[in-house]
Amino acid sequence: MPSRTINVDGATWSVAPSGLITQYDRDEFALMFSRYVDGKKEVRVVRYSSVATRSREMSFAQLSDEQLKELLIQSQPSFTSPEAQYKA
């Protein structure tokens, strides 16, 4: 899967589609944000609905950096998400 990098408040995050497919596979997509803090990996997950396309890769490519920042703000910690296997 493709990945992108964004900077939010001086922190660099790597962003990529999660790869987990749910029963809503054409309506809802999940993104995983990850970064390293003091040698420890931090992962956050968010789901969003695409308006323009139903392709996971195309939808991800069409998101602007500003939209990705907004999704990061709405994201949840990895231990609350099946995409991250509920790991902290």
Side-chain angles (χ1 to χ4, degrees):
M1 291 270 176
S3 67
R4 291 171 54 187
T5 303
I6 61 169
N7 289 303
V8 180
D9 297 330
T12 301
W13 291 86
S14 176
V15 188
S18 74
L20 180 70
I21 298 173
T22 68
Q23 68 266 30
Y24 308 109
D25 70 326
R26 292 289 185 211
D27 298 323
E28 180 178 88
F29 306 118
L31 295 177
M32 294 184 72
F33 294 85
S34 60
R35 70 176 180 158
Y36 284 92
V37 178
D38 297 327
K40 188 173 181 182
K41 188 174 185 178
E42 177 183 0
V43 177
R44 298 191 61 83
V45 180
V46 67
R47 291 185 183 170
Y48 72 100
S49 295
S50 174
V51 177
T53 183
R54 297 293 178 224
S55 164
R56 195 173 331 286
E57 290 80 15
M58 287 182 68
S59 173
F60 178 57
Q62 291 173 351
L63 289 171
S64 69
D65 285 354
E66 208 48 50
Q67 289 171 311
L68 288 172
K69 289 177 186 179
E70 187 63 34
L71 288 170
L72 175 61
I73 291 168
Q74 299 171 19
S75 67
Q76 61 188 19
S78 60
F79 67 85
T80 64
S81 172
E83 286 87 354
Q85 300 175 340
Y86 299 105
K87 294 180 181 176

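Scope of the values below: all heavy atoms of this structure, side chains included, with no hydrogens, waters or symmetry mates.
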query = Measuring from L71:CG to F29:CZ, what's the distance to the nearest 0.5 Å?
reply = 12.5 Å
inquiry  = Between R4 (side chain only) and L63 (backbone N and O only), is there a donor and an acceptor less than 3.5 Å apart?
reply    = yes
So, for [X] and [Y], which heavy atoms are closest and what is the spacing to 0.1 Å?
| X | Y | value |
| --- | --- | --- |
| V43 | S34 | CG2-CB, 4.1 Å |
| A30 | R47 | CB-CG, 3.9 Å |
| Y48 | S59 | OH-OG, 2.9 Å |

query = In chain order, what residues pass the side chain to side chain contact (heavy atoms under 4.5 Å, CB included) check against S81, with sequence neighbours excluded?
reply = V45, Q76, E83
note = Applying side chain to side chain contact (heavy atoms under 4.5 Å, CB included) to S64 and not counting sequence neighbours gives E66, Q67
Those residues that, when tested against E70, pass salt bridge (charged side-chain N to carboxylate O under 4.0 Å, His left out) (two or more places apart) = none
task = Under the salt bridge (charged side-chain N to carboxylate O under 4.0 Å, His left out) rule, collect the residues that match up with R44, sequence neighbours excluded.
result = none
query = Got a sec, which residues hit ring pair (Phe, Tyr, Trp, His ring centres under 6.0 Å) with F33, two or more places apart in sequence or on another chain?
reply = none
What side-chain donor-acceptor pairs closer than 3.5 Å can you find for residues 5-16, not counting sequence neighbours?
{"unit_1": "N7", "atom_1": "OD1", "unit_2": "T12", "atom_2": "OG1", "d": "2.6"}

